[in-house]
Amino acid sequence: MSKYIFVTGGVVSSLGKGIISASIGKLLQTRGYKITIQKFDPYINIDPGTLNPYEHGECYVTADGMETDLDLGHYERFTGIQTTRYNSQTTGRIYQAVIDKERRGDYLGHTIQVVPHITDEIKRRIQQLSLVPKGKTTPPFDFIITEIGGTIGDIESAPFLEAIRQLKWELGKDAVFVHLTYVPYLKAAGELKTKPTQHSVKELQSAGIQPDILILRTERHLDDHLRSKVAGFCNVDLECVIQSEDLPSIYEVPVNMQKQGLDAAILRKMGIPVGETPSLGPWNHFLELRRSAKDIVRIGLVGKYNLQDAYKSISESLSHAATYHHRTIQLTFINSDFSENAEFSDNSDFIHLLQSQDGIVICPGFGHRGIEGKILAAQYAREHNIPCFGICLGMQIMVIEFARNVLNMKDATSHEFVTDSQAKAATNYVIDLMEEQKNISQMGGTMRLGAYDCELVEGSRVASIYGENLIRERHRHRYEFNNAFLKTFEENGMMGSGKNPDADFVEIVEIPKHRWYIGTQFHPEYQSTVLQPHPLFMDFIKTSLTSRTV
């Protein structure tokens, strides 16, 4: 049978349950176990695909086309696993499934209730990852780590807590509870306070759950006396009270957890022999590179969401690549929305920020806000030979800018930015709505999502970067390059260097004569991991490090 680890959080959100879950997965993986990690979010949305990034940060996309929480990005970057739609669940999906069954008559006229119908559906979805594939005799994973979103005490989390309480009762030693909580430091009193943790555990116990392991999030080191106090109040073994101090990088967390014996404590709780502590060789090598890096590489992120989590996978992918080039990344957010950015009294302030970067990333997004700023950034990078990487909408921006300023199509634009009342004025839709999207009225889950093949043009820059001519990358978009203009673009210096072999969509554009000017319709950041940085980010950083030629 698969073993289950349930990770919950208390006191406040944003303590790092996703990082802890990913770290547990990494440590068990290092011991030779097959693991997967899933996230259960208590919000009623079907998925985060329609949420504003300010609400929930980045929307991460799995290879099979599920829009998910950004924590799945942490899971994949830490462990190298590939998650699917089964690794991400929400209250909305669960209730929708139960209601669909009720409408079909599956419940044979019974009254549908939170207990047992909703909780049974939650349990089914937790356990479906352990189903033995056809023709196999063992489950695909030794450990299934389940992170419950939100915090203890949230009313919307109650069905999830009841479901995992029932599972623990059914599974016995094959399940453990890990509870992440907060020990604040009161500067005025000069003391660390354990009362919030005690109340958090008490709330968890009132739901029928006794945590097996406590992880205390803290800004200050906790001595054994304080840990002993928490252990006594919360009915947890002292060796199972582990602290998670602030560290220079999230990638230090697995090493810190291993030093304190988190993985060993989990195995002991399940009655599994612990054995020797394995080496985190490649991981420690990565950390040594980060610690020893003295020089920086300056990369500007041009976008409209001034929030660190909005472009999380991109920033982490850039950081990975910089580390392997013995550099520390210095990311500067450059707000492309002049109307909301008081810092930019005119374009010169914006240009000054662009001038100070070694490389520029034109970020993804949706809608017309901030578009003209992105176009200006693409133009500046192109004209001044600054390495420039456009991702999804960023690629489309590169195309529009090239059409306007090189091909002299002053009305060139994307259909996305033009309302019906303006449609007659814009004649050159160099970016247009995909044919398959034209009859779609609903927003959620209807874009081109997931991994698709892309054939690279032999001799192109991207083909040399990948070292192969057929790649597979993940998408999240509705609009595409308009192939009616491709010949004109290529005759004037911008080539379509990657195409989908089935639909003939242009998925990569590049300017061969530029130092590094590449746009991808797909999101390569979704496939960059700590131990396997993405080749496009690696080559982009490498080029950004060379002396600039204006």
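The shown structure was predicted, so the numbers you read here are calculated from the model rather than taken from an experiment.
Under a cut-off of 6.0 angstrom, the local environment of CD1 in Ile44 is sparse, with at most 12 non-hydrogen atoms contributed by other residues, nucleotides or ligands. Residue Lys542 qualifies as open at atom NZ: its count of foreign heavy atoms under 6.0 Å is 12 or below. Counting non-hydrogen atoms of neighbouring residues, nucleotides and ligands closer than 6.0 angstrom, the CD atom of Glu55 reaches no more than 12 such neighbours. For Gln308, the CD atom sits in a loose shell: 12 or fewer heavy atoms of surrounding residues, nucleotides or ligands are nearer than 6.0 Å. By the 6.0 Å contact criterion, CD1 on Ile155 is open, its count of non-hydrogen atoms from other residues, nucleotides or ligands being 12 or less. Other residues, nucleotides and ligands contribute only 12 or fewer heavy atoms inside 6.0 Å of the NZ atom of Lys202.
Under the 30°/60° scheme for interplanar angles, the aromatic rings of Phe286 and Tyr251 are found to stand perpendicular. The aromatic rings of His534 and Phe537 lie perpendicular to each other, with more than 60° between the two planes, well past the 30° mark. Ring-plane geometry between Phe6 and Phe177 is classed as tilted, the angle between the planes lying from 30 to 60 degrees on a 0 to 90 degree scale. Using a 30° and 60° split on the angle between ring planes, Phe522 and His475 fall in the perpendicular class, above 60°.
Ion pair Asp337/Lys304 not flagged as a salt bridge, since none of the NZ, NE, NH1 or NH2 atoms sits closer than 4.0 Å to an Asp/Glu carboxylate oxygen. At a threshold of 4.0 Å, the pair Lys312-Glu525 does not count as salt-bridged, since none of the basic side-chain nitrogens sits closer than that to a carboxylate oxygen. Contact check on Glu170 versus Lys123 returns a salt bridge, with a Lys/Arg side-chain nitrogen under 4.0 Å from an Asp/Glu carboxylate oxygen. The existence of a salt bridge linking Arg220 and Glu191 is excluded, since no basic side-chain nitrogen approaches an acidic carboxylate oxygen closer than 4.0 Å. Electrostatic pairing of Glu67 and Arg476 counts as a salt bridge here, judged by a charged N lying under 4.0 Å from a carboxylate O.
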Test log, rule ring-ring contact (aromatic ring centres under 6.0 Å, His included), inputs Tyr305 and Phe333: CA-CA 9 Å; Tyr305 300 116; Phe333 176 73; 8.8 Å; no
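The backbone N or O of Gly373 lies less than 3.5 Å from no partner atom in the side chain of Ser336, so there is not a single donor-acceptor pair. Looking only at distances, no side-chain donor or acceptor of Arg217 sits under 3.5 Å from a matching main-chain atom of Ser14.
Of the residues Asn87, Asp71, Thr83, the one that meets the side chain to side chain donor-acceptor pair (under 3.5 Å) test with Lys39 is Asp71. Shown are Arg268, Lys269, Arg227; of these, the salt bridge (charged side-chain N to carboxylate O under 4.0 Å, His left out) with Glu239 is made only by Arg268.
Here His285 and Tyr324 keep their ring centres 6.0 angstrom or further from each other.
The cationic atom of Arg93 (NZ for Lys, CZ for Arg) does not lie both less than 6.0 Å from the six-membered ring centre of Tyr95 and within 45° of the ring axis.
Nearest heavy-atom pair across Gly303 and Tyr311 is CA-OH, 3.5 Å. Here the closest heavy-atom approach between residue Ala322 and residue Ile541 is recorded as CA-CG2, 4.0 Å.
In this structure, CD1 on Ile299 lies 4.0 Å from OG on Ser544, to the nearest 0.5 angstrom. Taking CD of Gln532 as the reference point, atom NE2 of His320 lies at 12.0 Å (rounded to 0.5 Å).
Shown here are the side-chain contact (heavy atoms from CB on, under 4.5 Å) partners of Tyr33, two or more places apart in sequence or in another chain: Leu28, Arg31, Ile35, Asp142, Phe143, Leu267, Ile272. Partners of Phe141 under the ring-ring contact (aromatic ring centres under 6.0 Å, His included) rule, at least two apart in sequence or in another chain, do not exist in this structure.
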